[in-house]
Amino acid sequence: MPTYQYRCTKCGNEFEKFQSISDDPVKVCPDCKGYTERIITGGVGFVLKGSGFYSTDYRTDSYKKGEKKDSKDVAAPSKTDSTSVPSAEAGK
């Protein structure tokens with residue numbers, strides 16, 4: 001069931017009401033008994049549940065093993081590092 005937001009046109013009170021889609025809108029302010037209008041909101045784009053995201057939580061074991069192998073290959077520096085200066089040219 002969705003949560004609807006309302007605003008009183010008389011006192012400006014804003015409140016939320018958890019109600020079914022088929023329920024009638026709230027017409028009376030609970031504070032001053034003035035007329036209320038429903039506020040149109042953007043709603044929720046998405047909801048994340050749990051400790052992470054889909055791509056990290058629900059992948060198959062074979063995918064996770066391949067991902068670990070790939071990360072080890074990338075993380076290990078190569079023995080021929082192109083940024084190092086050869087010792088013969090170091091004294092120039």
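Atoms considered below: every heavy atom in the structure, side chains included; atoms not considered: hydrogens, waters and symmetry mates.
When all heavy atoms of Q19 and Y4 are compared, the pair lying nearest together is CG-CD1, 3.4 Å. Taking every heavy atom of both residues into account, V28 and K33 meet most closely at CG1-CA, 3.6 Å. Across I21 and P2, no two heavy atoms sit closer than the pair CG1-CG, 3.8 Å. Among all heavy-atom pairs drawn from T36 and V26, the shortest one is OG1-O, 2.6 Å.
In this structure, F15 CZ and Q5 CD are separated by 10.5 Å, a value rounded to the nearest 0.5 Å. For the atom pair E37 CD and R7 CZ, the distance stands at 5.5 Å (nearest 0.5 Å). The SG atom of C8 lies 11.0 Å from the OH atom of Y35; values are rounded to the nearest 0.5 Å. Atoms CZ and NZ, on R38 and K27 in that order, are 10.0 Å from each other to the nearest 0.5 Å.
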